[in-house]
Visitor: 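What follows is a structure written as C-alpha cells; I'll ask about it next.
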Amino acid sequence: MMRSLTISPDKCTGCLQCEMACSYENEGVFNPVKSRIKVFVFEQEGRHVPYTCTQCADAWCQNACPTEAIQINAQTGAKEVNEGLCVGCKVCTIACPFGTVNYNQATGKVIKCDLCGGDPACAKACPTQAITYQDANWTGYDKMRSWADKTNTQATAQA
Amino acid sequence: MRYVIIGAGPAGVVAAETLRKQDPKGEVILIGDEPEPAYSRMAIPYLLAEHIDERGTYLRHATDHFENLGIRQIHEKVTAVDGTGHTLTLQSGESINFDRLLIASGSRPVAPPIPGLDQPGVHHCWTLADARYIADYAKAGSKVVLMGAGFIGSIIMEALVERHVELTVLEMGDRMVPRMMDQTAGNLIKHWCIDHGVNVRTSTRVMEVKPDDTGIARLTLECEAAKPIQADLVVVATGVRPETRYLENSGVQIRQGVVVNDYLQTTLPDIYAAGDVCEALEWGTGNHAVHAIQPVAAETGRVAAMNMTGSNTLYAGSLQMNILDSIGLISTSYGQWQGVENGESSELLDEARFRYIKLQFEADRLVGAITLGMTEHVGVLRGLIQSRTRLGRWKEHLMKDPSRIMEAYLGATHSA
Amino acid sequence: MGWHKKVLRVNLTTGSCTPEPLNMEWAAEYLGQRGLATKYLLEEIDPKVDPLSPDNKMIFATGPLTGTAASTSARYSVITKGALTNAIACSNSGGYFGAELKFAGWDMIIFEGKAASPVYLHISDDHAELLPADDLWGKSVWETDEILHQRHQDPRLRISAIGVSGEKGVLYACIVNDLHRAAGRSGVGTVMGSKNLKAIAVRGTQGVQVKDPVRFMQAVGEKKQVLADNAVTGQGLPTYGTQVLMNVINEVGALPTNNARDVQFEGASNISGEAMHEPRGSENKPNLVTNQACFGCTIACGRISRVDKEHYTVKNRPEYWNASGGLEYEAAWSLGADTGVDDLDALTFANFVCNEQGYDPITFGATIAAAMELYEMGLITDEETGGIPLKFGSAEALTKMAELVGKAEGFGKTLGMGSKRLCEKYGHPELSMSVKGQEFPAYDPRGIQGMGLTYATSNRGACHLRSYTVASEILGIPEKTDPLATEGKAGLVKAFQDATAAVDSTGLCLFTTFAWSLDDFQPQVDAACEGEWTLERLSELGERIWNMERQFNMAAGFTGKDDTLPKRLRKEAAKTGPAKGKVNGLKVMLPEYYQLRGWDEKGVPTAETLQRLGL
Ligand SMILES: Cc1cc2nc3c(=O)[nH]c(=O)nc-3n(C[C@H](O)[C@H](O)[C@H](O)COP(=O)(O)OP(=O)(O)OC[C@H]3O[C@@H](n4cnc5c(N)ncnc54)[C@H](O)[C@@H]3O)c2cc1C
Ligand code: SF4
C-alpha cells in the first residue's frame, strides 16, 4: 500500500518546524523559502494550513514537462524532479493546479515534494502530528483529489 | 487497427504513448520529418544558453523508448493526405494506409513581408537545425538583432543574453510580449531588460534587410524613422502559424488551424488533430483558437489518443498560460487576462520593485491573471481558473489584496 | 556559523543603510541578541543620553540560534535606552519577524539618529532601503501591517511596527511584530516613534547555517523531546498557555489585586486559562480559538482568541470580530486582577487594542490600577476622565481608557505617562507599583518572596523575565523552595538572572527553561556556533551580561538606592491567603545578593568582580 502525507490543519500551530525540516533535509540549510511544504496562515480565523504536493496519480507537472524531468519513484509513488534533466523552463510550475511546484532561482531548477524517499522529514518534525505519513486511503486526500479532477483537462477516461 | 501520427513533437509523442497504453495490440506509426530523435522545441533556448546539450532536448531519454513500446518511427515528410481514402503520401512517394490518423504537425515560423529576410544571416529559431546555425553565428560580442519580442522571441532573448552577444531587440508593437502581457507588465519587462543591458526598441518597424557594405557586419537593417542597425545575425521570431500546407486536399476543414470538435476530431471522423496545429475549443470562452504552447500540446495529444481508441473523452478546452523568465524577472499570464465583459479586476503594482499582479474575475470566479515577480505557488492560479471554483467571500479578499491567492484557494477549497 | 556576521547600520538622519561586519570578538564574549546588542549599545552611546533624543540608538538583535530548527528559535530583542525607565531596555519578542531578519542575512540592525519625516525600513535579503511612511503615520499596527503586505505584494513579508501610541509618545509603547507579538516593555516603541521610524518590513531567502548540522540536528531532536515530555512545556503551556497560572497564583495568595492592595482576586477564575476554554456569550463558543506557536516553537503557548460579537466593546464593530492574539497571563492579570475587572471579553478587547495600537498591557493595566486608586481617593476627577468613573472593577473604564491611550487622546494622554509619573503628578508617588519607573507584573512579592528581589534588582525595571523564581518557588523547577521564605533567595535570584541573560542571548525562548537548564542549551549552541561553547562559558556569559547592564545603568545615574520596592510591598502586609501578615523581606535579601554578586554594600561591582568577568 502506498503511503501519503496526511494533513490535519486543526492540529497545526504554525511553528514551521516542518518547513525547517524540509529545507534542511533537501537543501542542507534552515530556510523556509526552500521548503517544499508550506504553512499558510489564516490570521483572522486563527487557522494554519500546511500544504504540499499530493503526488497525484496523473501528474500535471509530469505531463507538461518537455524534458521528462519529472519522474515517478516506483517505491513511494512520488513524482520527483530529476535535476540533471530539468532545464528550468518552469512550465510545470504553471501547469500544477495546486501550486506545489516552485522555481528555485538560485539553482535554476524547480523543487517539489519527493516524500524524502519514503521517510518525510516534515512529518517527523511536526510536534503535534498535524502532518503524518500513512496509508493513502484517507478522506481528506480524496477530497483534494476530487477537487483536482474538476481541473482536469487531461481527461479521466471513463471508457 | 493502425494508428498513424504526423509529427513527432510533444503532441505526437504523448499521443503515441497513450495509444499504446489504451490499445496494447494496435499498430502505432509515428512520422516526423526532422532527422533527430523526438525532441522538445521549447528546450532549444536552454541549448543555446549551453545549459544542456542536444540530448537534453529529447522528449524521451531511453534510446529504445519507442521500440520498447512497439511504436514504429518514420523520419520523413508527409506531402499529402487523402482523408476519405485513409492514406497519406510520404516525400519518397511511398503511401501509407491508416485506420485512424492524428495530425500533430505543430506550427511553422512565419516572417513578415520585409525585403531581404531570405538571405544568409537571417534565421528563424524553431528547430534544432536552426539552433545549430544560430549557435555558430551568435558568438560572444557578435552583433545580433532579434526581430520580435513576443513570447517566443523573449525566451530566445534570454538565451542570446547568456551567449553574451551584442543584442538589439526590435518589436513592432508598443511593448514586450503584447499577446501575453498588458501595457503595464509589458513595459515593466521592457524596462527591466533595458536596465539589464539589453537594447530593446518597441514600436520599431524594420523596412528592409540588406548586406552591409561598411565591412563592420554582415547585414544592415533599415528601420522606419530610425538609424540603420548593423548585424552579423538576424533572428526572426515574428510569429508562427499551424503547419497545414500539406493538408490542402486532405478533406479536413482548416481555418486558422485544423478545426476540431470537443473530442479533438476533425471534420473527418477517423482523423484527429492535436498540439500547435489544431484549432480547438478555448477554455472558458466557447471560441475555437490555436494555443501554441507546450502544456496544451501534451494535453491535446493525450485526449485525442483516448478518443482515437474509442474512449469518449471530452476536451475541456485549452487555457492560455505562459511563464517567462526575462533575465531573472519572472512573469506569468493565464486565461482571459484582458478581462471579460461585466467582469471585475483587482491589481497591485509596485513599479520600483517590478512587482505586479492583476486578477480578472467573472462574478466570483477567477478567469484570468497576470503576475510579475512571483515565483511561488503560481500554478494555483491555473487551478482556480480551470476548476471554475466559486470564491465566495474570498473574492472580496482578493479584490482587496490579490496577492493572497494561495490563501483564497485554500480558503475556498479546503475550508474546515 | 549561527551568525551571519553581518550588521545593518541604518542612519535615519542621513537615510543611509550600510552593511558592516559583526564584531566577532564581542560575539565570542556576548554570544548574540541581548548580550551582544547591549555591548554594542554601551560602546556606542552615552548612557546619560535622553532616550527620546536622536543620540539614543536602537538595536534589533537576533541570536545565533534564531531561525534554526532548534525549538523556540523565533526570538529577537530590541535593545535601547528605555523611554519609560531611563535604564537599559531589552525587550524580547517571538512571532516570525526575528527569524525572517535572520533569513535575510542579518544578525542585527542598529538604528541611529532621527528621520526628518516618517519612514519605514524595507529589507529584502541584502537590499535594505528607507522608504517614506507619511501615509502610514497615524495608522495602527494592524493597518500598517495590511498596507505593507499589499504594497509589497508578499503575504510572507514579516512586519514589525509601532502604533499611534508610539508615535504620540505614550511612554510604554511597544514594537509589535506579526500583528500580536511584541517587544513589549520599557517603552522601546516610544524610542522608535521618536526616531520617526514607523515599521520594518523584512523578507529573507538566504536561510541560516550552523557549524555542525548533523550534531546540531541530533541535539535539537533530543531537546525537543525533553520539552515534549515535561509537564509544563509539554502539557500546561500547550493547553492553557501562560494563563495556566491565573488560578495557581491566586491560590498561593500572590495575585496583586486592585493596585496590589490585595493579594487575591475573587474573580480570578473568570479570567483564567480554564475560563478561556469555556463556551460563553451569544454564540456559546469559547474565548480561545486556537493555540499559536511562534517560529520554530514546539511548545505553542500563544493564544488566539475572539471577543464575543455581542459584547458591548465590539457590538457593531466588525473590525474587532476576527480572531487575534489573546490573553497571556501577565496581561490577564494587569488588565483584570489589578484593576478588579473579571470580564474576560473586556480584557480580551483591551488586549487587542494594546496590540492594535502598540503599547504594553502590563504597564497600562498597572497604571490604570493606580489611577483607580487615585480616583477613589478623590484625586482624579470625572472632569479629567471625561466623565468616566475610574472605579476598580469597572470594565468600561478599562476598555474606554485602553482606546484613549491607544490614540493618546483625552485622559489617555495622562495615563500614557505610566504610573510613576502619574502618581507623582497627583502627589502620591508611593502608589505607583514600579521599580526604576517600570511596573512589576503578576506576582506579588509578599506571597513569592524571591520575586521581590527579582523586581528590585532587575536592570530594566521591575520585571518577571529577568529571574523567574516563580519556577522554583511555586512550580518546583528545578527544585521547590518555600515562596514565603527569604533564605536562599539571593542565590536563587542570582543564578536565575545569569542563566536568563545567557538564554536571552541565544535566540531561543526563556519558556524552555521550565524544562531545560543551561546543560540543555549548551550542546545546541556548541553545535551551531563557531568556537567551543562549554557550560562554563555560557554561565560566565550570563554573569558578564548582567554586570554590563548594571554598568550601563550606573553610568546612566542609577544607584543602589534604586534597588528597592514600592512601600506597599515592604510595609503593608498581605491580608489574605497563605502569605497573610507577610511583607516582602527585601531588606534581608538585598545585602546577601550584593555580596554574592561581588558588589560592594552600595551595589557597585567591585574592581575584582569586573576584572574576573573581563569588563
Ligand atoms: C524557441 C522556442 C521556445 C518555446 N518556449 C515555450 C515555452 O516556454 N512554453 C511553452 O508552452 N511553449 C513553448 N514553445 C512552444 C512549444 O514548443 C510548442 O507549443 C510545442 O512544441 C508544440 O508541440 P507540437 O507537438 O504541437 O508541435 P511541434 O513541437 O512543432 O512538433 C511537430 C513536429 O511535426 C513535424 N512536422 C511538421 N510537418 C510535418 C510533415 N508534413 N510531415 C512530417 N512531420 C512534420 C515537425 O517538424 C515537428 O517535428 C517554444 C517553442 C520554441 C520554438
Ligand atoms: S522546470 Fe524542469 S521539471 Fe519543470 S517542466 Fe521545466 S524542465 Fe520539467
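Computed from a predicted model, the values in this text were never measured in an experiment. Sequence lines set the chain letters: A, B, ... in the order given, protein chains first and strands last, and positions in each chain run from 1.
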Visitor: Does any heavy atom of chain A fall under 4.5 Å from the side chain of C:Val289, the backbone, both, or neither of them?
Guide: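 For C:Val289, side-chain heavy atoms alone lie under 4.5 Å from chain A.
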Visitor: Quick check for you: to the nearest 0.5 Å, what is the distance between C:Thr290 atom OG1 and A:Arg47 atom CZ?
Guide: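 Between C:Thr290 OG1 and A:Arg47 CZ, I get 10.5 Å after rounding to 0.5 Å.
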Visitor: Using only atom types and a distance under 3.5 Å, with no angle test, would you say the side chain of A:Gln17 pairs donor to acceptor with the backbone of C:Gly296?
Guide: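 Looks like yes, one N/O pair under 3.5 Å.
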Visitor: Which region of A:Glu27, side chain (C-beta onward) or backbone (N, CA, C, O), has a non-hydrogen atom less than 4.5 Å from a non-hydrogen atom of chain C, or is it both or neither?
Guide: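 No part of it gets close to chain C.
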Visitor: Is it the backbone or the side chain of A:Ala21 that comes under 4.5 Å from a heavy atom of chain C, or both, or neither?
Guide: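 For A:Ala21, there is no contact with chain C at all, as no heavy atom is under 4.5 Å.
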Visitor: Do A:Phe30 and C:Lys102 come close enough that some side-chain heavy atom pair is under 4.5 Å?
Guide: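 Heavy-atom side-chain distance check fails, nothing below 4.5 Å.
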Visitor: Checking A:Asn31 side chain against C:Phe103 main chain: does a donor-acceptor pair fall under 3.5 Å?
Guide: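 Judged by distance alone, no pair lies under 3.5 Å.
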Visitor: Can you say whether C:Leu179 sits under 4.5 Å from chain A via the side chain, the backbone, both, or neither, judging by heavy atoms?
Guide: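 Interface part for C:Leu179: side chain.
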Visitor: On a heavy-atom basis, which atom in A:Leu16 and which in C:Arg158 lie closest, and how many Å separate them?
Guide: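 Residues A:Leu16 and C:Arg158, closest heavy atoms: CD1-NH2, 4.2 Å.
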Visitor: Answer with side chain, backbone, both or neither: which region of C:Lys224 has an atom nearer than 4.5 Å to a non-hydrogen atom of chain A?
Guide: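 Just its side chain gets close to chain A.
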Visitor: Quick one: are the ring centres of C:Phe216 and A:Tyr24 less than 6.0 Å apart?
Guide: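 No, they do not, as the ring centres are separated by 6.0 Å or more.
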Visitor: Picking from A:Cys15, A:Pro127, A:Cys12, A:Gly46, which has the most non-hydrogen pairs under 4.5 angstrom with chain C?
Guide: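 Of the candidates given, the most pairs with chain C belong to A:Cys15.
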Visitor: Between C:Ser324 and chain A, which part of the residue has a heavy atom less than 4.5 Å away: side chain, backbone, both or neither?
Guide: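 Answer is neither: C:Ser324 stays 4.5 Å or more from chain A.
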Visitor: Please tell me if the side chains of C:Gln209 and A:Val29 come closer than 4.5 Å, counting only heavy atoms from C-beta onward.
Guide: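 They are in side-chain contact.
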Visitor: Which one of A:Glu45, A:Glu43, A:Gln44 satisfies the side-chain contact (heavy atoms from CB on, under 4.5 Å) criterion with C:Asn322?
Guide: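 By the side-chain contact (heavy atoms from CB on, under 4.5 Å) criterion, C:Asn322 pairs with just one of A:Glu45, A:Glu43, A:Gln44: A:Gln44.
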Visitor: Is it the side chain or the backbone of C:Ala228 that comes within 4.5 Å of chain A heavy atoms, both, or neither?
Guide: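 Neither part; nothing is under 4.5 Å.
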Visitor: Checking heavy atoms, do the side chain of C:Glu100, its backbone, both or neither come under 4.5 Å from chain A?
Guide: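 Looking at C:Glu100, nothing touches chain A.
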